Every structure is written in C-alpha cells, then in structure tokens.
Amino acid sequence: MTRLTSPTQTEKPMLTSYTRFQQEFATGLASAIEAAYSESIDDASLYSDTHVAALIERPRKAQFGDLAFPLFPYVKLVKEAPPVVFEKIFAKLYLPDDLGEVTFAGGYLNLTLNTTRLAKALAAEILPAPDQFGSSSFGAGKRMLVEFSSPNIAKPFGIGHLRTTVIGASLNRIFAFLGYETVSINYLGDWGTQFGKMIVAYQKWDGEKELAENAIKGALSLYVRFHEEEKNDPTLSEAARLAFKKLEDGDPEMTELWEMFKTVSWKEFERVYNVLGIKFDLITGESFFNDKMDEAISRLEKAGLTSESRGAEVVDLGEFNLPPCLLRKQDGATLYATRDIAGLMYRWDTYRFCESLYIVGSAQADHFKQVFKVLELLEDAEGAAPDERMTGKVKHIPFGWVKFEDQALKTRAGHVIYLDDVLQKAISLAESKIRDKNAELADLSNVAKQIGVGAIVFSQLSVRRQKDVNFTWEGALNYEGETGPYLQYTHARLSSLLRRYHSQSDEQSVPNYNELDYTVINDTNTHQLMATIARFPATVENAAKEYEPFLISSYLLELTALFNSFYQRRDENGKIVKILSDNKALTDSLMSIVIMTRATIATGLHLLGLEAPEEM
RNA sequence: GCCCCCGUAGCUCAGUUGGAUAGAGCAGCAGUUUCCUAAACUGCGGGCCGCAGGUUCAAUUCCUGCCGGGGGUACCA
C-alpha cells in the first residue's frame with residue numbers, strides 16, 4: 001500500500017463516520033442524477049460528486065431522517081414536478097446496501113441511516129479511544145496565538161471581563177484539541193493615562209489608608225472619585241496626564257507607585273483565574289513594549305506612512321474610511337494603538353504564527369481595523385513577501401457587552417459587579433444544592449466549585465458572541481434547563497451508569513465493539529442520539545472555523561437532552577425502560593452508546609472550560 | 001452626520017453557504033419517582049420572525065429604505 005503524501009492532504013478534514021456517510025450518499029446521488037438526467041442537463045458539473053455533496057444538508061426535523069438532498073434546483077432545470085424528479089432519480093439510485101433508507105418528503109430526497117451501520121461505525125470510531133473523539137491533527141505544525149482576558153489592572157475584575165476570559169480560554173482549548181500549537185496570552189493593561197489618574201488620586205486623597213483595608217475596593221473608590229471630581233476640576237486631568245508622562249520618562253517615585261498598583265491588583269486577578277481554572281502561556285503587559293515603541297514608530301516613518309496632524313504623529317487612514325491612527329500625542333507620549341502595533345511586530349518576529357487572535361469587545365472594532373490597516377500598509381511599503389506578511393493572519397474576534405439588569409457596567413461610575421462575588425455566590429448555591437440532594441458526596445466542596453463555576457462560565461458561552469448578554473442574579477444562579485449544571489448533571493448520571501455496569505459485569509473495561517449486536521436497537525430516540533454523537537467532530541471544527549464556542553454549547557444541550565430522554569424512555573405502560581437489564585446483548589450495546597455519549601459530553605465540557613464531575 | 005452590531009413566544013435565546021409545519025429553555029398549567037442521580041422526563045397553552053418594498057421556484061435568512069436599542073467616530077483603553 002502506498003501512502004499518499006500530497007501537500008494538500010493535511011488540509012483535508014478527518015474522515016469521520018459522518019463525513020463518510022455523506023460521501024457515500026453524494027456519490028450515489030451524483031451517478032443517479034447523471035443516469036436520469038444527463039440528456040436534459042447540459043452542465044455536467046451539476047451532477048458531480050462535489051456539487052451534490054455541497055447541497056446535502058441536515059433535515060430540520062428528525063422525522064425526515066439524517067441527511068437531506070433538496071430536489072428544487074433540479075426541479076427547476078428539468079421543469080418536472082418534485083415527485084416525478086424524485087421517482088426518476090430514485091429509480092437509478094444505488095447506495096451501499098446498508099447505508100440506509102431513502103424517502104421523499106416536501107421536495108427533499110431524505111436518507112435515514114441504517115441504525116446498525118451507524119452504531120457500528122461510531123463504535124469503531126470512538127470506543128478504541130473515547131477521549132480522542134473529535135480531535136484531529138488538522139492544526140499540526142500551525143501556531144495559533146490567542147490573546148484574551150487582557151484586563152486593565154488599574155480596575156477591578158468585574159463581570160464585564162468574563163466574556164473575553166471565557167471565550168478566549170475556550171477557543172484556546174478548541175484549537176489545541178485540533179492539533180494547533182496554541183499560545184494563550186494575557187496582555188495586561190498595565191500602562192497608560194489611567195495609571196496617571198490612579199497616582200494622582202492616591203497622592204491627593206490618602207491612598208495609603210484607602211488601600212490598607214481592601215486594596216482592590218480601595219483602588220476602585222480612588223478611581224471612581226477621580227472621575228467624579230474630574231468633571232468639576234479640569235486640572236485633575238492635566239495632573240494625571242503629567243503623572244503618566246513622568247512615569248513614562250522613568251521617574252522613580254512614579255515607578256514605585258505604579259509597581260505597587262500592579263502587584264496589588266495582579267494578586268487579585270490571579271486568584272480569580274485559579275478559580276476559573278485558566279492558565280496562560282504568556283503574561284505580558286503594555287509596559288513590556290515601552291522600549292520597543294521608538295523602533296516601531298521609526299519603521300513606520302521610514303516606510304513613509306506617518307504624518308503630523310494637530311501636533312500629533314499619525315498614520316492617515318482617510319482613504320480607507322477610518323480615523324487616523326495616532327502614534328504619539330502632542331506631548332510625545334504613546335497610545336494604545338502604538339503599543340498594539342509594536343506588540344504585533346514583536347509577536348510576528350517571535351512566533352511566526354499562522355494566526356493571531358484578539359478576543360476583545362466589539363466596541364474596539366475600529367481600533368483593530370486601524371492597527372491592522374497600518375500593518376498592511378507597512379508590509380506593502382516594505383515589499384514583504386507573501387509568506388512573510390502577517391496581514392490576513394491577525395484577527396479581531398469581537399463580542400457583545402455584558403450588561404447588568406439591562407444597564408451597561410461603567411467602572412468609572414463605580415458600577416461594578418465583582419466576578420469573585422459572583423463566583424462565590426454560585427459556588428455556595430451549588431454547595432447547598434448538593435447538601436439537599438447528595439449530602440454524603442465525597443469531595444463535596446470541590447464538586448460545588450466545579451458546578452458553581454460551570455454555571456457562570458456556561459452562561460457566557462450559551463449565546464452567540466456578537467450578542468450582548470444581560471447578567472442577572474436569577475439567571476446566573478439558575479441550575480435548571482439549558483445550563484452548565486444541567487450538562488454536568490447528565491455527565492454525572494452517565495458516569496453513575498458506567499460504575500454500575502462495571503460493578504455488575506465481569507469486565508471492567510469497554511465492551512468489545514466488534515462483538516456488539518446493534519440489531520437489538522431499533523427505536524428512533526436511540527438512533528437520533530447516535531446520529532447526534534456522530535456530528536461532534538464537525539461541530540468542533542465549525543466552532544474553530546467561526547471562532548464560536550457557542551456552537552459547542554448548543555450542541556451539548558442537544559446531545560444531553562437526547563440522552564436524558566433516552567435514559568428515561570418509557571414502554572407502553574409508561575414504565576421506564578432501563579438501560580441495565582438482564583439482556584446482556586442489549587445492555588452491552590446500550591452501554592457502548594452510554595460510553596460514547598459520556599466521552600463526548602466530557603470532551604465538550606472540557607473544550608468550553610467546564611469540569612465534568614463524576615458525581616454530584 | 002458617517003460607520004458597525006442587534007431587533008424572532010411574557011422573559012432569555014436557537015434557527016448563519018436562502019429550502020420542509022419557525023424551535024428550545026425559563027416562567028405558567030397538568031402528569032411521571034417501590035429510587036440505573038427528579039439539577040431529570042412527558043404533555044399543554046403561547047408567534048404580523050421590528051415595519052415597508054425588492055430579488056427568487058422559495059426570504060426569519062440576501063438587497064434597499066424606515067423605525068427602535070446599543071456601540072464607535074484623533075490625542076482614554
């Protein structure tokens with residue numbers, strides 16, 4: 001056997017059970033269409049495998065089967081009624097014997113996969129290594145930078161920071177699961193005029209005393225007071241600007257204060273990251289680029305991109321319908337954009353990434369457009385070779401606001417909800433629930449933490465990125481329905497089943513998938529459950545492609561809902577049909593599905609950043 | 001003014017390369033437990049898909065305009 005080593009091979013998605021079924025269906029359909037209609041359809045590409053495969057979709061409802069092929073385009077071409085088109089294609093349709101059953105409904109040619117074949121294919125795909133299901137080597141050899149969280153450490157860690165943190169951590173895990181070498185970066189806001197403000201406030205209003213009791217809340221009250229008094233006292237803004245300028249020029253007193261603020265806040269942030277279970281490969285701050293600004297700016301100057309405008313040094317982006325990108329203020333101090341540009345240059349030189357993602361709120365969309373455009377202009381001007389360009393590889397991944405009780409959270413106005421408070425409340429609620437339901441649970445407090453944190457994390461990932469989410473205590477502390485704890489609960493149920501199965505059967509391991517008899521399974525619920533499991537690899541891939549962890553969240557909700565009704569399905573008398581029964585062939589087969597479902601849920605939860613407790 | 005995002009059930013949201021009777025959860029109501037974990041399951045009610053045009057065999061989905069909400073729009077980040 002010869003192994004093909006074409007360079008495109010790694011670009012192809014892994015061949016999963018699901019994609020294989022699609023291919024077989026498409027191939028069969030393509031030849032059937034050709035046989036039936038090659039006379040009346042001139043364009044041969046309309047019955048090519050790839051064209052047909054692209055048309056195949058998933059039916060809206062399970063009753064229509066597993067795969068659907070819309071006949072409308074052909075109906076229009078040959079000017080025949082849909083049922084006629086169906087009959088003609090169906091007459092020429094030869095699919096592998098065991099692929100499934102074809103039906104016609106509503107203008108679609110539908111395929112319901114053969115349950116036994118579906119089950120066998122899945123078992124062969126998953127059971128040998130359940131943990132690996134859905135993973136791939138697609139990203140092998142590619143380096144992916146994911147910058148997220150990036151809090152401004154002059155401010156408290158509020159729930160406003162939750163989304164970037166949770167979305168970024170999830171994307172990082174997803175890409176790693178797909179074989180990428182990921183570098184998670186926390187780019188701390190540890191520089192800028194805000195520190196000038198803090199320093200002024202600290203010196204003016206006895207900050208030492210203010211911070212002594214509770215550093216974080218003390219710092220916040222200084223910050224809030226500054227913004228309140230600034231409204232009536234313009235000299236404060238000027239003082240802050242000056243303080244920051246002194247800091248930037250290396251003034252020892254300013255530097256000492258700045259270090260102190262940094263240490264105090266970072267301690268608090270680190271604690272919260274630990275609770276969330278998030279680690280970074282690289283923690284840097286804007287200040288890291290202080291000594292790299294001049295070089296970045298002079299590179300832009302040499303390329304002839306800079307100009308002077310109203311006393312500031314800028315890159316004019318008027319022809320791209322963007323405001324000018326400011327590099328230096330009138331007083332010579334640099335800005336956010338300058339640091340991001342220097343940062344990108346540095347990252348490109350250091351990492352040569354295949355992609356670099358910025359998980360930052362959509363309010364900063366224009367900022368990133370500017371920065372990326374400046375770099376594009378620079379690479380154009382320097383005549384960089386195509387593979388030496390970072391343009392197109394750097395991406396802003398935007399997301400909507402977190403609002404509280406329908407109001408925007410404004411740190412400056414002191415309107416803050418501490419993430420830590422939220423997490424602690426969620427955890428103690430989980431704890432009291434466990435005491436109600438499963439008081440003897442070993443490791444109770446650790447499981448409570450997993451569930452409480454899971455509830456909060458999941459709440460941020462159960463809506464598409466671009467939408468604003470409205471934080472309410474009621475919503476965050478609801479553990480029923482479409483929530484993180486619901487997913488975790490289902491996982492715990494599955495784990496419990498597995499424990500019982502092992503305790504009553506001789507073998508401690510997974511059933512041998514070659515010997516399983518799936519012909520004993522014929523109900524639609526189980527079929528649907530398996531068809532849904534089969535979609536997991538494609539779901540992970542889509543989540544990566546769209547930078548959208550939500551796709552995994554909604555998939556998991558669908559999967560767990562199906563499992564829970566599978567688990568509680570009833571016979572004619574309304575009695576629950578148990579999975580573990582005296583019928584060994586049936587039990588083994590059902591348990592193989594339990595094992596596959598459990599592994600999929602555990603992996604999915606992990607990719608979202610939730611723990612999967614075995615008991616709760 | 002210009003640019004971007006959002007508008008779907010009472011509430012929170014799915015529905016995204018345009019396709020079948022627009023779906024979930026919460027809340028409400030009615031059931032299910034001699035316990036394979038009821039943080040669950042089953043059923044019921046609930047919709048001018050913001051409005052008006054256009055493209056199409058087909059529009060919640062694409063285009064245009066309008067209305068409503070949010071954000072951005074050079075020395076904050």
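Model, not experiment: these values are computed from the prediction. Letters A, B, ... are given to chains in the order of the sequence lines, protein chains preceding strands, and every chain is numbered from 1.
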**Message:** Should the side chain of A:S309 and the base of B:rA74 be counted as holding a donor-acceptor pair, with the cut-off at 3.5 Å?
**Reply:** yes
**Nearest-Å distance for atom pair OH/C1', residues A:Y486 and B:rU37** = 14 Å
**Request:** Taking the side chain as every heavy atom from C-beta outward, state whether A:F72 and A:L55 have any atom pair closer than 4.5 Å.
**Result:** no
**Asked** Looking at the side chain of A:L335, which of B:rA39, B:rC36, B:rC76 is the nearest nucleotide?
**Response** B:rC76
**Message:** Applying a 4.0 Å non-hydrogen cut-off, can you work out what A:P59 is touching in the nucleic acid: base, sugar-phosphate, or nothing?
**Reply:** base
**Prompt:** Want to know the stems of RNA chain B: at least 3 consecutive Watson-Crick or G-U pairs with distances under 3.5 Å, which are they?
**Reply:** B:1-7 with B:67-73, B:10-13 with B:23-26, B:28-32 with B:40-44, B:50-54 with B:62-66
**Message:** For the residue pair A:R569 and A:F566, would you count it as a cation-pi contact if the rule is NZ or CZ under 6.0 angstrom from the ring centre and within 45 degrees of the ring axis?
**Reply:** yes
**Message:** Using a heavy-atom cut-off of 4.0 Å across all strands, would you classify A:E480 as base, sugar-phosphate, or nothing?
**Reply:** sugar-phosphate
**Asked** Are any of the side-chain heavy atoms of A:L71 and A:F104 separated by less than 4.5 Å?
**Response** yes
**Prompt:** Looking across every strand, which nucleic acid part, if any, lies under 4.0 Å from A:N110 by heavy atom: base, sugar-phosphate, or nothing?
**Reply:** base
**Request:** Using the P atom as the reference point in each nucleotide, state the distance between B:rC57 and B:rA24 in Å, no decimals.
**Result:** 32 Å
**Request:** Spell out yes or no: do the side chain of A:R60 and the base of B:rA20 have one donor N/O and one acceptor N/O closer than 3.5 Å?
**Result:** no
**Prompt:** Hey, does the side chain of A:Y489 reach the backbone of A:Y479 with a donor-acceptor pair shorter than 3.5 angstrom?
**Reply:** no
**Asked** Is a side-chain donor or acceptor of A:Y501 paired with a backbone partner of A:D588 at a separation under 3.5 angstrom?
**Response** no
**Prompt:** Looking at B:rA40, B:rA77, B:rA20, which one has an atom nearest to any side-chain atom of A:A105?
**Reply:** B:rA20
**A:E482 side chain, from C-beta outward: closest of B:rA24, B:rA39, B:rA14** = B:rA24
**Item:** Donor-acceptor under 3.5 Å (A:T164 side chain, A:H161 main chain)
**Value:** no
**Message:** From CE of A:M616 over to P of B:rA38, roughly how many Å is that when rounded to an integer?
**Reply:** 12 Å
**Prompt:** Which listed nucleotide (B:rC13, B:rA38, B:rA74) is nearest to the side chain of A:R493?
**Reply:** B:rA38
**Asked** Are A:K197 and A:F226 in a cation-pi setup, meaning NZ or CZ lies under 6.0 angstrom from the ring centre and within 45 degrees of the ring axis?
**Response** no
**Asked** Checking all strands, does A:R464 fall into the base, sugar-phosphate, or nothing category for heavy-atom contacts under 4.0 angstrom?
**Response** base
**Polar pair under 3.5 Å, donor/acceptor by atom type, side chain A:Q568, base B:rA40** = yes
**Item:** Gap in Å between the two P atoms, one belonging to B:rU33 and one to B:rU60, rounded
**Value:** 43 Å
**Message:** Distance check, C1' atoms only: B:rA20 and B:rG15, in whole angstrom units.
**Reply:** 14 Å
**Euclidean distance for C1', B:rG50 against B:rG43 (whole angstrom)** = 33 Å
**Prompt:** Has the side chain of A:R58 got a donor or acceptor atom sitting under 3.5 Å from an opposite partner on the base of B:rU17?
**Reply:** no
**Asked** How close or far is atom P of B:rA24 from atom OH of A:Y555, stated in whole angstroms?
**Response** 18 Å
**Message:** Using atom C1' in both nucleotides, what's the gap between B:rG53 and B:rC29 to the nearest angstrom?
**Reply:** 42 Å
**Request:** Check whether any side-chain N or O of A:D468 sits under 3.5 Å from a backbone N or O of A:G400 as a donor-acceptor pair, and report yes or no.
**Result:** no
**Item:** Whole-Å P distance, B:rC63 and B:rC3
**Value:** 15 Å
**Message:** Taking only the C1' atom of each, what is the distance from B:rC62 to B:rU55 in whole angstrom?
**Reply:** 8 Å
**Request:** Please measure how far the P atom in B:rG46 lies from the corresponding atom in B:rG10, and state the result in whole Å.
**Result:** 11 Å
